[in-house]
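The sequence lines fix the lettering, A, B, ..., with proteins before strands; numbering per chain opens at 1.
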2 protein chains.
Amino acid sequence: MDISNSSVKIPKHLKDLPKFYSGVEKLLIAVDCIIFGFDKNNLKLLLFKRKVQPFKDNWTLIGSFVRKGENLDQAAKRILYEATGLSEVLLKQLFCYGRTDRDPGDRVISIAYYALIPLIEDDECTNGEYKAQWFEVDNAPSLILDHNEMVFSARKKLCENAKYEPIGFELLPQKFTLPQLRLLYEALFQRKLDRRNFSKKILSMDILEKLDEKDKSTSTKGANLYRFDELKYKDKLENGFYFKI
Amino acid sequence: MDISNSSVKIPKHLKDLPKFYSGVEKLLIAVDCIIFGFDKNNLKLLLFKRKVQPFKDNWTLIGSFVRKGENLDQAAKRILYEATGLSEVLLKQLFCYGRTDRDPGDRVISIAYYALIPLIEDDECTNGEYKAQWFEVDNAPSLILDHNEMVFSARKKLCENAKYEPIGFELLPQKFTLPQLRLLYEALFQRKLDRRNFSKKILSMDILEKLDEKDKSTSTKGANLYRFDELKYKDKLENGFYFKI
DNA sequence: TCAAAAGTGTTCAAGTTACACCCATGT
DNA sequence: ACATGGGTGTAACTTGAACACTTTTGA
């Protein structure tokens, strides 16, 4: 199937014409980000104090209206950068929320994205602008509008995606141990995983690079550090391999 | 986790105030529907001749701008009804397309939905308004804007969803045979499935009702007709069962 | 009576789960 | 020397894949 943008090119004489579709009502478009992090045992959520009315000072996801000339992905990226200072981050579009009454401030269509970031300190996230705070996902305060629903769906989607894509690594530091990785998946799937079977499975995929370093912070023996080998992974993908945990 | 709309109620004094968010640019919002059908061996796509500029008379997905006071799902439902006359149809939101340059007519944010309908004749779809035509998905004409990309993604998503949700039945008549159902999944997954293993698997789920009727249109012996037992399925769902094909 | 599709059962391979023992090291 | 978490191997089981024979009936 041809998935190129379109075989029908834009005729030149259209380019400088006034816009079509006049008289159609326009709406506000926002992007909201569900920012996940992981800390030892817990999946976490970065929440913010809303700065504007309505619902000023209530807990909220971070979001912003989409600007003129800005793609949706760009908007998500900008929002995340403004809120955390991070730019190389996994962002994924989840769902579009458009109930007419979802925001009493006006009708707003909101596109939800989730972001997976390696945990950083609360105060590094503020950038002077926002009061950000990490919460355990299962222990987070109630949020404004339909943001609770967004978080719920995002968590579910994250869990699904993590089964078939190697996105868990995005939530860990570059170097991590197998026990760490296992705790992450246990938090995502909300169930215990067998230590031995987990190691076997993840190592058999042959997408981790074993480093010559140990992390002794959780045991006397120390656990080996690994790195996700993205190049190797992508190479394998092309040869019919697919990630599955 | 609390997924109620919000624990923060809208303060009464806000309700009659002028809208917030003044000065923010608004954009056009459209919903586009990828309408799938199934005919004997082939997954099909219902396409339309565009009635307006730009790209008038080119093949396109059916779509419409979202109206004031209309939820996104309602818009999708309306579009589908206007185009096919069908109203009890599976509709699922897929993805939101928002590239700034995706429509030369103006900046339009488009939310794609797929619809699964039991095949009906082309001319029943017109409703006097549109020139609709079914195409095999793999043999469809090139579409305007980013509609080719939408179709591609929708097909992929449909395939994924069909593995874990009993949505295949939406594409068949109420009464169907196992060979028919198998052909459908073969078209979705684009590979042959073993006749015997397929029957075994689908019947072992115990969500089909065997009818006392045969379809003799494809063989002398005739194939038994079945019906998807939605109530039974939902009941099983609550008891931890999950569909998997 | 035979061709063509439909229905059913068995066997084998692969993947998943359960589980036990040894290792390294700071105290 | 021992307690604690980390590393590996093996057996039982479940699931999915491969495959062959019998049944029905219109032509």
(Q) Does either side chain, that of B:Asn197 or that of B:Lys200, offer a donor lying less than 3.5 Å from an acceptor on the other one? (A) yes

**Q.** Atom-to-atom span, CG of A:Asp215 to P of D:dT4 - whole angstrom
**A.** 19 Å

Q. Side chains of B:Thr177 and B:Asn224: is there a donor and an acceptor less than 3.5 Å apart?
A. no

Q) For the pair made of CG in A:Asn224 and P in D:dG5, what is the distance, rounded to whole Å? A) 18 Å

**Q.** Greater than 12 external heavy atoms within 6.0 Å of A:Lys234's NZ
**A.** no

Q) Starting at CD1 of A:Ile202 and ending at C1' of D:dT8, how long is that distance when rounded to a whole Å? A) 17 Å

(Q) What is the distance, to the nearest angstrom, from the CZ atom on B:Phe176 to the C1' atom on C:dA6? (A) 16 Å

Q.
Is there a side-chain contact between B:Thr218 and the phosphate of C:dA6, meaning an N or O under 4.0 Å from OP1 or OP2?
A. yes

Q. For the pair made of CZ in A:Phe198 and P in D:dG6, what is the distance, rounded to whole Å?
A. 13 Å

Q.
If you count heavy atoms of other groups shown closer than 6.0 angstrom to CD of B:Glu209, is the number above 12?
A. yes

Q) What integer distance in Å separates B:Leu181:CG from C:dA6:C1'? A) 15 Å

Q. Is B:Met205 close to B:Tyr233 at the side-chain level, that is, under 4.5 Å between some pair of heavy atoms?
A. no

(Q) Walk along nucleotides 19-26 of chain D from 5' to 3' and tag each nucleotide B, S or - by protein heavy-atom contact under 4.0 Å, base first, then sugar-phosphate. (A) BB--BBBS

Q. Expressed in angstrom and rounded to an integer, what is the separation of B:Leu211 atom CG from C:dG7 atom P?
A. 13 Å

Q. In terms of the angle between their ring planes, are A:Phe228 and A:Phe169 parallel, tilted or perpendicular, with boundaries placed at 30° and 60°?
A. parallel

Q) D:dT8 P sits how many Å from A:Lys201 NZ, rounded? A) 18 Å

